[in-house]
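This report concerns only the one structure given below.
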Number of protein chains: 2
Amino acid sequence: MSQTVPDWSVLAASCPSRKSLARIANKWTAMVVTVLGNGRMRFGDLKQEIDGISGKVLTETLRDLERDGLVTRHVYAEVPPRVEYELTELGFTLHEPLLVLCRWAEQHIAEVLVNRERYDAR
Amino acid sequence: MSQTVPDWSVLAASCPSRKSLARIANKWTAMVVTVLGNGRMRFGDLKQEIDGISGKVLTETLRDLERDGLVTRHVYAEVPPRVEYELTELGFTLHEPLLVLCRWAEQHIAEVLVNRERYDAR
DNA sequence: GTAACCAATTACCTCAACGTAACTAACGGA
DNA sequence: TCCGTTAGTTACGTTGAGGTAATTGGTTAC
């Protein structure tokens, strides 16, 4: 029987997995995937949910995720346009890990702010 | 008894937790914290371990992590300089989540590359 | 003396990320 | 006829991330 060997390493500069890491270790990706974890959602709602994201950045982020197979795009032949986005099975494997990061940021921000003050005071 | 309420949300543009998320959901942070998870390490070794990182970026990343209280800096009064970095207790709570991201990138890059080809072929 | 060592800083440049605003398509409703 | 609707694109400008190279400082080895 064969065993999967770690052919790839993010620590190698030229390894494609590093660029992949750069895409998933990204604040917009984290927020989009976290929100989409709650289920299929249309563009406009996603944009409203993620306060402050511009339409341009949201479009780009979703395109990249779709390209990598993490998100599916559902287009309805309606007018005005109606487009929904959904995590794929692969994308869903990222939901929990990225949710953890979002939660970490929220749960530890108070402590971080204190540390920062202490550091800045020398 | 009191319950911790979610005062903070990364989905709010002006919430400080979002900037915190931006710092931890970052490829350099992910690699530095992952490597430091193996134990205290000096600057030069860290730089060698993370192939392709420039001294400038490594310094900046470590400063930010130190400022937020995720990393401790140990300076030895020697010459040539000897400086070691170590995860704090707080920083260590991030090790596992960020390691997961690195592993994800490595383990799914093959599938991602296939998806990407399929997408680019229309 | 001077070269090598290591962590760090600085100046300078380039390029990617991001924001804003204008514009498009196609239909239903006033 | 004109307007509002939604997802998306494009052009343009600004900011920030990041690379490279030069420089610092105090020892030890030559």
Side-chain angles (χ1 to χ4, degrees), chain A residues 10-14 16 18-32 35-36 40-68 71-86 119 122, chain B residues 10-14 16 18-32 35-36 40-68 71-86 119 122:
Chain A
V10 294
L11 295 182
S14 61
R18 178 175 289 189
K19 282 190 180 170
S20 186
L21 173 64
R23 181 152 300 129
I24 65 179
N26 168 284
K27 64 175 172 184
W28 297 124
T29 300
M31 288 188 275
V32 167
V35 170
L36 282 184
R40 188 195 276 228
M41 191 174 301
R42 55 188 301 189
F43 184 87
D45 295 334
L46 210 39
K47 184 165 173 348
Q48 261 199 325
E49 196 74 18
I50 303 175
D51 180 40
I53 195 172
S54 68
K56 183 194 170 202
V57 168
L58 181 54
T59 299
E60 288 170 353
T61 302
L62 289 169
R63 279 295 165 281
D64 285 345
L65 292 177
E66 189 196 1
R67 189 166 103 102
D68 286 2
V71 156
T72 311
R73 188 162 173 266
H74 303 276
V75 184
Y76 294 80
E78 297 178 0
V79 70
R82 172 189 182 83
V83 180
E84 291 185 351
Y85 292 90
E86 189 182 19
Y119 181 92
R122 212 135 3 251
Chain B
V10 296
L11 294 183
S14 61
R18 178 176 289 190
K19 282 189 181 173
S20 185
L21 174 64
R23 181 151 301 127
I24 63 179
N26 165 286
K27 64 175 172 183
W28 297 124
T29 299
M31 288 189 275
V32 167
V35 170
L36 281 183
R40 186 197 277 228
M41 192 174 300
R42 54 187 303 187
F43 183 87
D45 295 335
L46 210 39
K47 184 165 174 347
Q48 261 199 326
E49 197 72 18
I50 303 175
D51 180 39
I53 194 172
S54 69
K56 183 193 171 202
V57 168
L58 181 54
T59 299
E60 288 170 353
T61 303
L62 288 168
R63 279 296 163 281
D64 285 345
L65 293 177
E66 188 195 0
R67 189 165 104 102
D68 285 2
V71 155
T72 312
R73 188 163 172 265
H74 303 277
V75 183
Y76 294 80
E78 297 177 3
V79 69
R82 173 187 181 84
V83 182
E84 292 186 352
Y85 292 90
E86 189 181 17
Y119 181 90
R122 209 127 8 244

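Labels below follow one simple rule: chain letters A, B, ... track the order of the sequence lines, proteins then strands, and each chain is numbered from 1. FYI, side chains are in, hydrogens and waters are out, and symmetry mates aren't considered; it's all heavy atoms of this structure.
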- Winner on side-chain proximity to A:Val83, out of D:dA7, C:dA26, D:dT27, is D:dA7

- Task: Please determine, for the side chain of B:Lys56, which listed nucleotide (C:dC27, D:dA7, D:dT20) has the closest atom?
- Result: D:dT20

- Task: Report which part of the nucleic acid B:Tyr76 touches: base, sugar-phosphate, or nothing (heavy-atom distance under 4.0 Å, all strands).
- Result: nothing

- Query: Where is the tightest heavy-atom contact between B:Glu49 and A:Leu11, given as atom of each residue plus distance?
  - Reply: O-CB, 3.7 Å

Calculate the interatomic distance between [X] atom [atom1] and [N] atom [atom2]; express it in whole Å.
| X | N | atom1 | atom2 | answer |
| --- | --- | --- | --- | --- |
| A:Glu84 | D:dT6 | CD | C1' | 13 Å |
| B:Leu58 | C:dA8 | CG | P | 8 Å |
| A:Glu66 | D:dA7 | CD | C1' | 13 Å |
| B:Lys27 | D:dG19 | NZ | C1' | 12 Å |
| A:Trp28 | C:dG19 | CH2 | P | 5 Å |
| B:Arg63 | D:dG18 | CZ | C1' | 17 Å |
| A:Lys47 | D:dA7 | NZ | P | 10 Å |
| B:Asp64 | C:dA8 | CG | P | 14 Å |

- Earlier contact from the 5' end, DNA chain C, for A:Asn26 and A:Pro81: A:Asn26

- Message: Both A:Thr61 and A:Val79 contact DNA chain C. Which one's nearest nucleotide lies toward the 5' end?
- Response: A:Thr61

- Note on the structure: The residue, A:Glu60 or A:Arg82, whose nearest nucleotide of DNA chain D is more 5′ is A:Arg82

- Message: If you count every heavy atom of other residues, nucleotides or ligands that lies below 6.0 Å from B:Gln48 atom CD, does the total exceed 12?
- Response: no

- Query: Is the distance from OP1 or OP2 of D:dG8 to the nearest side-chain N or O of A:Arg73 less than 4.0 Å?
  - Reply: yes

- Taking only N and O in the side chain of B:Arg42, is any of them less than 4.0 Å away from OP1 or OP2 of C:dA7? yes

- Query: Do B:Arg73 and B:Tyr85 have side-chain atoms, one donor and one acceptor, less than 3.5 Å apart?
  - Reply: yes

- Test B:Leu62 against every option in B:Thr29, B:Val57, B:Val32 by the side-chain contact (heavy atoms from CB on, under 4.5 Å) rule and name the one that passes. B:Val32

- Message: Are B:Asp68 and A:Tyr119 packed together at the side-chain level, in the sense that at least one heavy-atom pair is separated by less than 4.5 angstrom?
- Response: no

